There are 2 protein chains.
Amino acid sequence: MFSKACEYGIRAAVYIALQSLEGRRVSVNEIAEEIDSPIAFTAKILQQLSRNNVIHSVKGPTGGFEIERTDMEAVKLNMVVKAIDGDQIYVGCGLGLKECDAGKPCPLHDKFVDIRTDLRHMLESTSLYELATGLEVGLTYLKR
Amino acid sequence: MFSKACEYGIRAAVYIALQSLEGRRVSVNEIAEEIDSPIAFTAKILQQLSRNNVIHSVKGPTGGFEIERTDMEAVKLNMVVKAIDGDQIYVGCGLGLKECDAGKPCPLHDKFVDIRTDLRHMLESTSLYELATGLEVGLTYLKR
DNA sequence: CAAATAAAGGACAATTTTGTCCGATTAATA
DNA sequence: TATTAATCGGACAAAATTGTCCTTTATTTG
């Protein structure tokens, strides 16, 4: 469904959100440790998220990654996914046809649109804040 | 969503079904031509489908691929997908965690299960016959 | 200002997926 | 039986994704 990069990206973003709730700024090393991901690869992904203003980065000692408390509810999962995988999930035919649309649909077009619409709504309506608070109260987990 | 191999596999299976409706057995070359896919790669995928009894192959002159008319309604998309991509779509955590389940869910677990359940139902309820007849009456298209 | 810390960025390496080529096998038919 | 047409299967090649390493840049603090 998601690429590995996107999986790491979402996990990282949620972890950063969780720590930002408590005012803590976190380093790549801590993030990779806590979400159990390859450090250098995770660093690359965080760069993409930072460049796309999904998260905020600060260089130097005491630096690291954070998400403004005020942004946290506004940042939805689809922004994370878009920053990493681009439009891939939203655009294009399920069977890989170049010219597939409502006017000249592939055999799976309608059914595929339904699934994808649900996915899009889910991603667009789920905020990092929501996911982070689920973690905070121990309803969900990020490791293993 | 699907791998390239799976996209080609579904397109090929639907095309074979369509031709089988008219009693025609088709060659790899014709299939690849008609669904606009790389020939040799398509041949590999057809072998997988054949080995998994999704389609039937006949060697030698006048040989090719076909689907028994009686099977065609019983063969659902999920069988095609499983033959090529395995359980990938059904199994595993959306965020890539190893031990994610209802008891120890990742932050996206429930929402992800919903989407995937819809996808599974769609794949399990859609037959090659249904897709082939849509093509036959000109409602849908396989090329470009 | 110097040292230390942390992200940024570029080059490279490993792995997986996608795709090709070619000889072996099977079966129809002249 | 020889030829020909077709799939099967293995080895290889190319491209994309995943992952590593190392240098540079920015920033804090002694």
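Note that the structure is a prediction, hence the values are computed from the model and not measured.
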Ignoring backbone atoms, test whether [X] places a side-chain nitrogen or oxygen under 4.0 Å from the OP1 or OP2 oxygen of [N].
{"X": "A:Ser50", "N": "C:dA8", "result": "yes"}
{"X": "A:Arg51", "N": "C:dA8", "result": "no"}
{"X": "B:Tyr8", "N": "C:dG19", "result": "yes"}

Atom [atom1] of [X] and atom [atom2] of [N]: how far apart are they, to the nearest Å?
{"X": "B:Ile39", "N": "D:dC8", "atom1": "CD1", "atom2": "C1'", "result": "16 Å"}
{"X": "A:Leu49", "N": "C:dA8", "atom1": "CG", "atom2": "C1'", "result": "14 Å"}
{"X": "B:His56", "N": "D:dA6", "atom1": "NE2", "atom2": "P", "result": "17 Å"}
{"X": "A:Asn52", "N": "C:dA7", "atom1": "CG", "atom2": "P", "result": "18 Å"}
{"X": "A:Ile16", "N": "C:dA6", "atom1": "CD1", "atom2": "C1'", "result": "14 Å"}
{"X": "B:Gln48", "N": "D:dG9", "atom1": "CD", "atom2": "P", "result": "11 Å"}
{"X": "A:Lys44", "N": "D:dG19", "atom1": "NZ", "atom2": "C1'", "result": "10 Å"}
{"X": "B:Lys4", "N": "C:dT16", "atom1": "NZ", "atom2": "C1'", "result": "16 Å"}

Categorize A:Arg25 for me: base, sugar-phosphate, or nothing, with a 4.0 angstrom heavy-atom threshold over every strand shown. nothing
Go through [options] for me and flag the one nearest to the [X] side chain.
{"X": "B:Ser57", "options": "D:dT17, C:dA7, D:dT7", "result": "D:dT7"}
{"X": "A:Thr62", "options": "D:dT28, D:dC21, C:dA7", "result": "D:dT28"}
{"X": "A:Gln47", "options": "C:dT18, C:dA28, C:dA8", "result": "C:dA8"}
{"X": "B:Phe41", "options": "C:dG19, C:dA8, D:dG19", "result": "C:dG19"}
{"X": "B:Ser27", "options": "C:dA7, D:dA6, D:dG10", "result": "D:dA6"}
{"X": "A:Lys59", "options": "C:dG10, C:dT26, D:dT25", "result": "D:dT25"}
{"X": "A:Pro61", "options": "C:dG19, C:dT5, C:dA27", "result": "C:dT5"}

Quiz question: by atom type and distance under 3.5 Å, do the side chains of B:Tyr15 and B:Glu30 form a donor-acceptor pair?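 On atom types as modelled, these side chains qualify, holding a pair under 3.5 Å.
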Mapping B:Val28 and A:Asp85 onto DNA chain D by nearest heavy atom, which one lands closer to the 5' end?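 Counting from the 5' end, the first nearest nucleotide belongs to B:Val28.
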Check this for me: does any side-chain nitrogen of one of A:Arg25 and A:Glu66 sit under 4.0 Å from a carboxylate oxygen of the other? yes
Should the pair B:Glu130-A:Lys111 be classified as a salt bridge under the 4.0 Å nitrogen-to-oxygen rule?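 Salt bridge between B:Glu130 and A:Lys111, a charged N being under 4.0 Å from a carboxylate O: yes.
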Under a 4.5 Å cut-off applied to non-hydrogen side-chain atoms, are A:Leu77 and B:Leu108 in contact? yes
Counting only N and O atoms by type, is there a donor-acceptor contact under 3.5 Å from the side chain of A:Ser3 to the main-chain atoms of A:Cys6? yes
